[in-house]
2 protein chains.
Amino acid sequence: MTTLSEENYLKAIYHLGKQDGEAVSTNAIAEQIDAKASSVTDMIKKLADKELANYIKYQGVSLTEEGRLTAKAVIRKHRLWETFLVEKLNFSWHEVHEIAEQLEHIKSEKLIDKLDDFLGNPTHDPHGDPIPDKYGNYTKIKSKSILDIKPGNQGILTSVKDSSKAFLKYLNKNKLALGDTIKVIDFEPFDESFTIETKSKTMTISKNVAENLYLSI
Amino acid sequence: MTTLSEENYLKAIYHLGKQDGEAVSTNAIAEQIDAKASSVTDMIKKLADKELANYIKYQGVSLTEEGRLTAKAVIRKHRLWETFLVEKLNFSWHEVHEIAEQLEHIKSEKLIDKLDDFLGNPTHDPHGDPIPDKYGNYTKIKSKSILDIKPGNQGILTSVKDSSKAFLKYLNKNKLALGDTIKVIDFEPFDESFTIETKSKTMTISKNVAENLYLSI
DNA sequence: ATATATTTTTAGTCTTGTCTAAATATTAAT
DNA sequence: ATTAATATTTAGACAAGACTAAAAATATAT
Ligand SMILES: [Mn+2]
Ligand SMILES: [Mn+2]
Ligand SMILES: [Mn+2]
Ligand SMILES: [Mn+2]
């Protein structure tokens with residue numbers, strides 16, 4: 001059985017290792033978790049002892065198959081709860097992450113499977129991120145950042161890379177939501193900004209915004 | 001902010017003190033929480049430091065107004081989550097307590113208020129226990145144990161005193177559920193058993209069962 | 001009233017998860 | 001190839017929450 005803290009580390013390593021087994025540095029984890037590097041070293045050792053992680057001193061850490069499965073189980077819970085909060089309790093997408101950070105650690109297989117059914121077995125959470133099924137499998141919608149889309153092309157906003165409260169509130173303010181059709185009108189090389197067009201209006205977005213919006217073509 | 005452990009102690013003291021401010025013994029709490037008396041003494045001191053409890057050495061502990069409010073907030077969460085699990089996720093009433101023991105510690109006022117609305121502001125949980133509102137107020141349905149009901153009288157099963165899994169499963173097996181009309185047919189002084197009649201059948205129940213079934217007349 | 005039993009508290013230890021400061025390895029720069 | 005900078009690990013400490021064993025207080029029984 002994993003502790004809350006262990007689960008948070010597994011999640012961090014999973015995300016930083018880009019889902020496959022890439023080795024992750026102590027400092028990267030420390031920043032993600034908001035802890036000191038020394039604390040990370042301690043925890044990595046514990047995870048390695050439990051055979052959830054592969055660890056060689058000074059060479060970073062990666063997840064074992066079991067570690068990866070556990071990480072995905074936590075992510076599944078996180079995203080199902082976020083979906084519940086938005087779909088059933090009418091939270092806005094920028095409010096749910098912190099609450100899901102708590103709910104993701106509730107231990108009950110049956111609960112999460114029943115929740116999954118109750119929600120209609122959703123495949124993606126309110127931020128467009130894929131929800132692993134109970135075996136850890138998921139398929140990510142093929143999409144690319146506006147940064148990589150040439151003017152003249154359009155697509156549907158399917159996910160946001162940055163799910164921070166600040167960014168989501170920016171999108172709310174500017175009436176941009178998942179599912180919207182967005183057409184890339186122009187690219188300005190000077191500041192790398194983009195002009196985009198939605199059903200309701202035309203607007204300019206910074207590079208910073210553009211790189212966090214993912215469209216499926 | 002209270003910790004998970006503090007919340008469990010507050011709840012225990014609240015229940016043992018019979019809701020009003022009655023002083024509770026160290027040993028009673030130890031048994032309820034399943035911890036050693038020495039651990040209880042330690043925690044009581046912490047609660048007293050935080051002004052959640054009144055504590056005089058060797059004379060037991062009682063809750064302050066703030067402690068009582070916090071306890072009721074946790075109980076509110078517990079019972080709302082239990083209601084959610086039964087009403088929305090189709091759990092049986094004997095499965096929900098353990099999961100609610102975890103969920104009751106999730107911290108978000110907004111979450112619990114939205115959950116309350118989503119459930120239609122229920123006044124009682126799946127075991128017939130009252131759900132405090134957000135100010136800690138609740139009204140208990142007036143009811144009495146079958147032990148105190150004379151043969152010939154009947155009432156509606158509104159709550160169970162013992163919410164243990166074993167007892168609830170016994171009731172399931174014998175097709176007794178909240179809302180059922182139960183008539184007391186006979187009392188046998190020898191073993192203090194009762195014969196009761198429901199819509200579907202007549203059966204005999206032990207004293208132990210009778211004292212845990214509460215009917216509203 | 002005194003002795004005995006029970007309850008409660010204290011003292012000291014342990015585990016988990018964190019931290020700071022110091023030591024060691026690795027990487028980058030001259 | 002050294003030296004300097006950066007990253008990582010170790011050593012030692014601390015807080016929370018639990019435990020065991022022993023001491024002290026209270027309650028019970030003669
Ligand atoms: Mn978390
Ligand atoms: Mn999400
Ligand atoms: Mn609890
Ligand atoms: Mn209940």
Side-chain angles (χ1 to χ4, degrees), chain A residues 1-17 22-63 67 70-71 74 101-102 104-107, chain B residues 1-17 21-63 67 70-71 74 98 101-102 104-107:
Chain A
M1 192 86 313
T2 47
T3 67
L4 183 148
S5 200
E6 287 168 353
E7 289 181 351
N8 285 336
Y9 277 89
L10 290 174
K11 234 182 18 156
I13 297 167
Y14 182 80
H15 283 133
L16 290 167
E22 212 168 287
V24 173
S25 79
T26 302
N27 267 355
I29 299 168
E31 190 182 351
Q32 175 92 355
I33 295 264
D34 196 30
K36 301 295 166 177
S38 55
S39 307
V40 174
T41 301
D42 285 348
M43 181 56 85
I44 286 174
K45 286 179 186 164
K46 270 178 237 170
L47 295 177
D49 282 348
K50 288 194 171 188
E51 305 195 61
L52 295 165
N54 308 115
Y55 171 54
I56 308 171
K57 262 193 202 181
Y58 293 104
Q59 297 192 203
V61 66
S62 64
L63 297 182
T70 308
V74 176
E101 281 295 315
Q102 297 180 62
E104 72 188 5
H105 303 291
I106 300 292
K107 283 172 170 50
Chain B
M1 192 87 313
T2 48
T3 67
L4 183 149
S5 200
E6 286 167 353
E7 289 181 352
N8 284 337
Y9 277 89
L10 290 174
K11 232 181 22 156
I13 297 167
Y14 182 79
H15 284 131
L16 291 167
E22 213 167 284
V24 173
S25 80
T26 301
N27 266 354
I29 299 168
E31 190 183 351
Q32 174 92 357
I33 295 266
D34 195 31
K36 301 294 167 180
S38 54
S39 307
V40 174
T41 302
D42 284 349
M43 180 56 86
I44 286 173
K45 285 179 187 165
K46 269 179 236 166
L47 295 176
D49 282 348
K50 288 194 172 190
E51 305 195 61
L52 295 166
N54 309 115
Y55 171 54
I56 307 171
K57 261 192 200 181
Y58 294 101
Q59 296 193 202
V61 66
S62 64
L63 297 181
T70 306
V74 176
E98 284 143 311
E101 280 296 315
Q102 298 180 62
E104 72 188 6
H105 302 292
I106 301 292
K107 284 174 170 49

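Side-chain atoms are counted along with the backbone in the values below, which use heavy atoms only and exclude waters and symmetry mates. Proteins get letters first, then strands, A, B, ... in listed order; numbering begins at 1 in each.
- Contact annotation for A:Thr41: base contact, defined as any heavy-atom pair under 4.0 Å involving a base atom.
- With a 6.0 Å radius and a threshold of 12 heavy atoms from other residues, nucleotides or ligands, B:Asp49 has its CG atom above the threshold.
- In this structure, CG of A:Asp42 is placed 9 Å from P of D:dT10, rounded to the nearest angstrom.
- The nearest whole Å value for the distance from the CG atom in B:Asn8 to the P atom in D:dA18 is 9 Å.
- The distance from atom NZ of A:Lys36 to atom P of D:dT8 is 15 Å, rounded to the nearest whole Å.
- Remark: A:Glu31 does not engage A:Lys36 in a salt bridge, criterion side-chain N to carboxylate O under 4.0 Å.
- Counting all heavy atoms, side chain and backbone alike, B:Met1 lies closest to B:Glu6 at O-OE1, 4.1 Å.
- Per the geometry, OH belonging to B:Tyr58 stands 5 Å off C1' belonging to C:dT8, to the nearest Å.
- In this structure, the nucleotide among D:dA18, D:dT10, C:dT8 sitting nearest to the side chain of B:Tyr9 is D:dA18.
- The separation between A:Tyr55 atom OH and D:dA7 atom P is 16 Å, rounded to whole Å.
- Across all strands shown, A:Ser39 has heavy atoms under 4.0 Å from base atoms, whether or not it also approaches the sugar-phosphate.
- At the phosphate of D:dA16, neither OP1 nor OP2 sits under 4.0 Å from any side-chain N or O atom of B:Ser5.
- One N or O donor and one acceptor, one from the side chain of A:Ser38 and one from the base of C:dT20, sit under 3.5 Å apart.
- Between B:Leu4 atom CG and D:dA15 atom P there is a gap of 21 Å when expressed in whole angstrom units.
- Rounded to whole Å, the distance from CD1 on A:Ile44 to C1' on D:dT10 is 14 Å.
- Applying the 4.0 Å criterion to OP1 and OP2 of C:dT6, one finds that B:Asn27 has every side-chain N and O outside that range.
- Of all nucleotides listed (C:dT8, D:dA18, D:dT9), C:dT8 comes nearest to the side chain of B:Ala37.
- Set against C:dG17, C:dT7, D:dA7, the side chain of A:Lys46 has C:dG17 as its closest nucleotide.
- Nearest-nucleotide mapping onto DNA chain C: of A:Glu6 and A:Lys57, the residue sitting toward the 5' end is A:Glu6.
- The nearest heavy atom of DNA chain C to A:Gln59 and to A:Ala35 marks one nucleotide each, and the one closer to the 5' end goes with A:Ala35.
- Residue B:Thr26 comes nearest to B:Ala37 through the heavy atom pair CG2-O, 3.6 Å, listed as atom of the first residue, atom of the second, then distance.
- Taking 4.0 angstrom as the limit, A:Thr3 places none of its side-chain polar atoms (N or O) nearer than this to OP1 or OP2 of C:dT16.
- At a threshold of 4.0 Å, the pair A:Lys11-A:Glu101 counts as salt-bridged, since one of the basic side-chain nitrogens sits closer than that to a carboxylate oxygen.
- Atom CD in A:Glu31 sits roughly 16 Å away from atom P in D:dT6 (whole-Å rounding).
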